[in-house]
Every structure is written in structure tokens, then in C-alpha cells.
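Below: the structure, in C-alpha cells.
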Amino acid sequence: MSDTTVDVLIIGAGPSGCVSAAYLHKQGLKIKVIEKSQFPRFVIGESLLPRCMDHFEEVGLLDCLKAQNFEVKAGARFLRDDIVCNFDFSKKHTEGWNWTWQVPRADFDNALAQEIQNWGVDIQFQHEVVDVNIKEDGTSTTKIKDETGNEYTVIAKFIVDSSGYGRVLPRLLDLDKPSSIPEHSSIFTHVKDLKRPEGREGTLITFDVLDKDTWFWVIPFSNGITSIGFVGKNELIDAYEGSTTERMKAMLKLSKYYHERFEGLDFEFTPVCIRNYSKAVKKFYGKGFVLTGNSAEFLDPVFSSGVTFATESALQSAKLISKELKGEAVDWETDYADYIKSGVNVFATYVKEWYTGNLQTLFFHRPENQEVKKQICAVLAGYVWDQTNPFVKKHNRIVATLAHLINMEKEKSE
């Protein structure tokens with residue numbers, strides 16, 4: 001591979017990188033995408049939110065995804081003991097998409113990458129960024145190693161880091177900082193769902209809430225495979241001994257609702273355990289570069305916000321990059337950092353209040369307040385920038401306040 005010069009270098013060919021590449025390509029810019037893995041490849045983050053459908057539609061990637069016939073996700077179900085909390089995306093406060101998908105990410109990401117390759121976008125798989133030098137004017141020289149070990153350089157006017165869990169620029173530029181989200185671990189795998197119930201029950205994405213800090217996810221795919229996984233405090237995961245396969249099999253007994261369905265099924269791959277997965281960064285952008293998706297912030301997966309933040313940040317930054325490279329003035333702090341942080345902060349509140357128990361109090365309180373539920377549903381659908389929604393605008397206090405009132409009423413009645 002020879003040295004090359006481009007307008008924009010994109011690191012990572014996942015949803016964030018592909019959305020960014022799709023937009024910039026259509027703006028006539030010369031781009032190059034570097035991807036460390038060979039596609040298709042496994043990655044976690046298999047539950048999408050309706051908000052990201054807006055992004056795929058805007059950049060012309062929706063039709064290639066529809067052709068994959070992924071499992072439709074029209075809402076989400078939360079179980080705790082004998083109480084069921086169903087969220088229907090068609091009954092939400094904010095206007096927008098009423099459905100999305102549950103996807104095997106290997107197939108999903110590959111469909112996106114193949115589509116933009118078909119458009120003529122240059123993607124190099126199994127190429128790894130090993131060093132970056134960004135000058136004061138924002139132009140950069142990036143050293144890249146190909147699949148044979150040979151190195152070459154890419155000179156770019158701008159770098160988009162969509163490397164996700166690889167977090168290339170945060171590592172190379174020392175941008176990582178501790179996350180404020182509580183420390184949790186996850187352990188997960190896939191199974192051939194041989195005992196899957198017929199009809200709607202077999203397709204529902206479900207979060208089985210085992211206690212305040214522990215929950216079990218079930219994400220059925222249209223291909224007969226189901227993603228299953230536990231999230232809990234580090235000490236809970238560590239309390240189970242043996243291999244990850246032995247630990248996963250033992251933990252399945254925790255779910256009374258699902259244990260029989262998954263008991264005895266072979267795992268499609270050795271269960272993976274990820275510790276302390278929430279991440280944060282010191283800044284979202286700098287002269288000549290921007291962090292998108294999980295390269296910037298990664299929250300706890302309880303509300304499936306990963307892909308939506310990836311595509312939201314990718315599209316927003318791509319629009320600003322296009323303007324800047326065309327000589328227009330861009331306010332990165334207001335129009336990117338502040339904008340993305342505002343959405344991240346809303347979801348971060350919901351994650352934190354989930355683990356305080358306050359949000360769970362709202363989910364499982366009976367009778368349900370339908371107006372409150374519609375407003376929370378809009379947040380769960382990813383519409384976390386809608387300031388007409390009290391559960392967005394007042395996110396930092398409304399959940400705790402309502403939970404307190406519910407608990408006070410409960411105490412009075414006892």
C-alpha cells in the first residue's frame with residue numbers, strides 16, 4: 001500500500017464510520033476508511049433505537065439494511081418478579097420512528113460497509129493505525145500497518161475516530177478519563193434458540209431485572225440466533241468460578257423466566273466477559289480531529305444507546321467537517337461537543353437512576369401513569385435531544401423526584 005493524501009481519514013468501519021463516510025462521500029470529499037478487523041466480525045451492541053433510523057435514512061443506507069430482513073424491534077420489555085413493563089415505541093412523546101431492529105452486528109455492520117464500498121468508498125480491512133501526528137493547523141500524518149505488516153502513511157485534512165472499543169485517538173492522544181457510571185461487568189454469548197416460543201413472545205427483546213444491580217438481556221434475531229447476557233456488579237460476576245462457559249451456565253439459573261428456555265443449549269461461542277465497560281474522554285474534538293460513538297463515550301448498555309450515539313455523533317460531525325473543509329465557520333464546541341454531551345448526559349442520568357433504583361421504581365409502579373410512560377418511552381427510543389419532553393429537559397431531577405413521591409405514598413399506605 002502506497003502513501004496517500006485524502007480530505008478525511010476515518011478510523012473504523014462500524015455504524016459510526018459508515019454513516020460518516022456515507023455523508024462525506026456524498027459531499028464529494030475524498031475519504032479513506034481504515035478498519036482493524038476483517039468483516040464480518042462479531043461486536044456487541046445488537047439492540048438499536050428508533051432514533052438511529054433517521055441517520056441511516058438521511059445518508060442513504062436504509063434500503064440496504066431493510067434488505068437484510070432483521071428482526072423488527074417495536075419496543076422493549078422489562079420484567080421484575082411478576083411485574084411486566086412494556087414500552088411501545090408507537091406510544092411515545094416525541095414524533096419519530098416507531099420501530100428499529102435487533103441485529104447480529106456481524107451482518108449489520110457488514111451490510112453497511114459493503115454498501116458504501118459499492119458506492120466507491122475506499123475501505124481497507126485488517127489495517128491498523130499505529131501512530132498519529134496532528135499539526136497545529138489540523139493536518140495530520142497517520143502511520144498505518146497493513147495485514148502483511150507493511151507500513152504506509154495517510155495525510156489528511158481531518159480525522160474521524162470511529163474506532164469504537166478500540167479507542168484509537170483516546171489512547172494515542174491521552175484523551176481517556178474515568179467514567180462516572182458505576183463499575184459493572186457483562187458476560188454474554190449467542191445460542192441457537194431451539195426452544196423459542198412461537199409468535200410475538202419469541203421475538204421480544206427483554207430485560208429480566210434480577211435485582212437493582214443485575215439484569216439479563218434476551219435479544220432474538222430473525223436468523224434463529226438469540227443474544228443472551230448478564231450485567232452485574234463486578235463482585236457478582238467474579239463470584240462464579242470456572243471458565244466463562246461454566247459461569248454463564250450457572251448464572252442462567254438466576255433467571256426464573258428464561259432458565260428453562262436456554263437450559264442445555266450449546267453456546268455459539270465461548271461467552272465473553274467485559275469488565276468496567278463504561279468509558280469517558282477529556283474532550284470530544286480537537287484541531288483536525290473528532291471522536292464519535294464509543295470512541296468518545298460509552299455508557300452502560302441497559303438502554304441500548306451505543307449505536308444511536310455512534311450514528312448521531314457521526315452524522316453531526318460529518319456535517320461540520322464538510323462545512324469546515326468548504327471554508328465555512330464552524331463552532332465545534334456548541335454544535336458538536338455541547339450537543340452530543342447534552343444527549344449523553346440525559347442517558348447517563350437514566351443509567352445512574354436505574355442503578356439507584358429510582359428509575360426501576362417508575363417502571364414497575366402500578367398503576368402506570370401513561371403520560372409519564374410516553375415521555376420515558378421517547379427517551380428509550382433515543383430522542384434525547386427533544387427539549388419539549390420533561391424527561392429530557394429536567395432529566396437530572398425528575399426521575400428522582402417522582403420516585404421519591406411514589407415511595408412516600410407507598411410508605412403512607414403501609
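Here, residue 1 is the first one in the sequence, and each next residue gets the next number.
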Approximate separation, where rounding is to 0.5 Å, of Glu71 CD and Thr226 OG1: 9.0 Å

CD1 of Ile134 to CG of Leu172: how many Å apart, nearest 0.5 Å? 9.5 Å

Hey, could you give me the CD/CG distance between Glu353 and Asn358, rounded to the nearest 0.5 Å? 4.5 Å

In terms of heavy-atom contacts, does NZ of Lys212 have more than 12 from other residues, nucleotides or ligands at under 6.0 Å? yes

Evaluate side-chain hydrogen bond (donor to acceptor under 3.5 Å, both in side chains) for Thr214 paired with Asp211, printing each intermediate quantity in order. CA-CA 5 Å; Thr214 314; Asp211 60 46; 2.9 Å; yes

Looking at Asp331, I want to see if its CG is surrounded by more than 12 non-hydrogen atoms of other residues, nucleotides or ligands under 6.0 Å. yes

The side-chain hydrogen bond (donor to acceptor under 3.5 Å, both in side chains) partners of Glu312 (sequence neighbours excluded) come to Arg51, His55, Tyr339

Presence of salt bridge, Arg167 and Asp176, under 4.0 angstrom: yes

Between Asp238 and Arg275 (salt bridge meaning N to carboxylate O under 4.0 Å), is one present in this structure? yes

Let's go through Glu128 and Lys143 carefully: what are the C-alpha distance in whole Å and the side-chain angles of both, what is the deciding distance for salt bridge (Lys or Arg N to Asp or Glu O under 4.0 Å) to 0.1 Å, and is it a yes or a no? CA-CA 9 Å; Glu128 180 181 3; Lys143 185 184 295 184; over 6 Å; no

Please round to the nearest 0.5 Å and tell me the distance separating atom OG of Ser304 and atom CG of Leu49. 6.0 Å

From the list Gln27, Glu58, Glu324, side-chain contact (heavy atoms from CB on, under 4.5 Å) with Lys319 holds only for Glu58

Taking distance alone, no hydrogens or angles, what donor-acceptor pairs closer than 3.5 Å link side-chain atoms of residues 394-405 to residues at least two apart or in another chain?
from	atom 1	to	atom 2	distance (Å)
His395	ND1	Thr349	OG1	2.8
Thr401	OG1	Arg397	O	2.8

For Gln387, is the CD atom crowded, meaning more than 12 foreign heavy atoms sit under 6.0 Å from it? yes

Side-chain H-bond candidate by donor/acceptor type, Glu35 with His127, under 3.5 Å: no

Would you call Val231 and Val302 a side-chain contact if the rule is heavy atoms closer than 4.5 Å? no

side-chain hydrogen bond (donor to acceptor under 3.5 Å, both in side chains) filter on Tyr285, not counting sequence neighbours, yields Glu333

Taking the six-membered ring of Phe87 as reference, does the NZ or CZ atom of Lys373 fall below 6.0 Å from its centre and within a 45° cone about the axis? yes

How would you list all residue pairs meeting ring pair (Phe, Tyr, Trp, His ring centres under 6.0 Å) that involve residues 15-40, not counting sequence neighbours? Phe39-Phe125

Gln38 atom CD, neighbour heavy-atom count above 12 within 6.0 Å: yes

Using a cut-off of 6.0 Å, state whether more than 12 heavy atoms not belonging to Lys26 lie near its atom NZ. yes

For atom NZ of Lys32, decide whether the heavy atoms of other residues, nucleotides or ligands shown that lie under 6.0 angstrom number more than 12. yes

Is the number of heavy atoms from other residues, nucleotides or ligands under 6.0 Å of Gln370 CD greater than 12? yes

Under a 4.0 Å N-O cut-off, is there an ion pair linking Lys282 with Asp174? yes

Any side-chain heavy-atom pair from Asp107 and Asn223 closer than 4.5 angstrom? yes

State whether Lys30 and Asp7 are salt-bridged, where the test is any N-O pair (Lys NZ or Arg NE/NH1/NH2 against Asp/Glu carboxylate O) under 4.0 Å. no

Mind telling me whether Phe78 and Phe207 have parallel, tilted or perpendicular rings, with 30° and 60° as the class edges? parallel

Given Phe188, which of Phe216, Trp217, Trp215 fulfils the ring-ring contact (aromatic ring centres under 6.0 Å, His included) condition? Trp217

Quick one: list whatever passes ring pair (Phe, Tyr, Trp, His ring centres under 6.0 Å) with Trp99, sequence neighbours left out. Trp97, Trp101

Test: Glu46 and Lys73 ion pair at under 4.0 Å: no

From Ser162 OG over to Leu291 CG, what is the distance, rounded to the nearest 0.5 angstrom? 9.0 Å

Nearest heavy-atom contact between Val384 and Val392 is O-CG1, 3.3 Å

Do other residues, nucleotides or ligands put more than 12 heavy atoms under 6.0 Å from Lys249 NZ? no

When rounded to the nearest 0.5 Å, the distance separating NZ of Lys91 from SG of Cys377 is 9.5 Å

Taking all non-hydrogen atoms of both residues into account, name the closest pair between Cys64 and Leu61 and its distance. SG-O, 3.2 Å

Pairs of donor and acceptor atoms involving the side chains of residues 260-269, under 3.5 Å and at least two apart or interchain, shall be tabulated with distances.
from	atom 1	to	atom 2	distance (Å)
Arg261	NE	Asp193	OD1	3.2
Arg261	NE	Asp193	OD2	3.4
Arg261	NH2	Asp193	OD2	2.6

Heavy-atom check, side chain of Ile228 versus side chain of Thr189, under 4.5 Å: yes

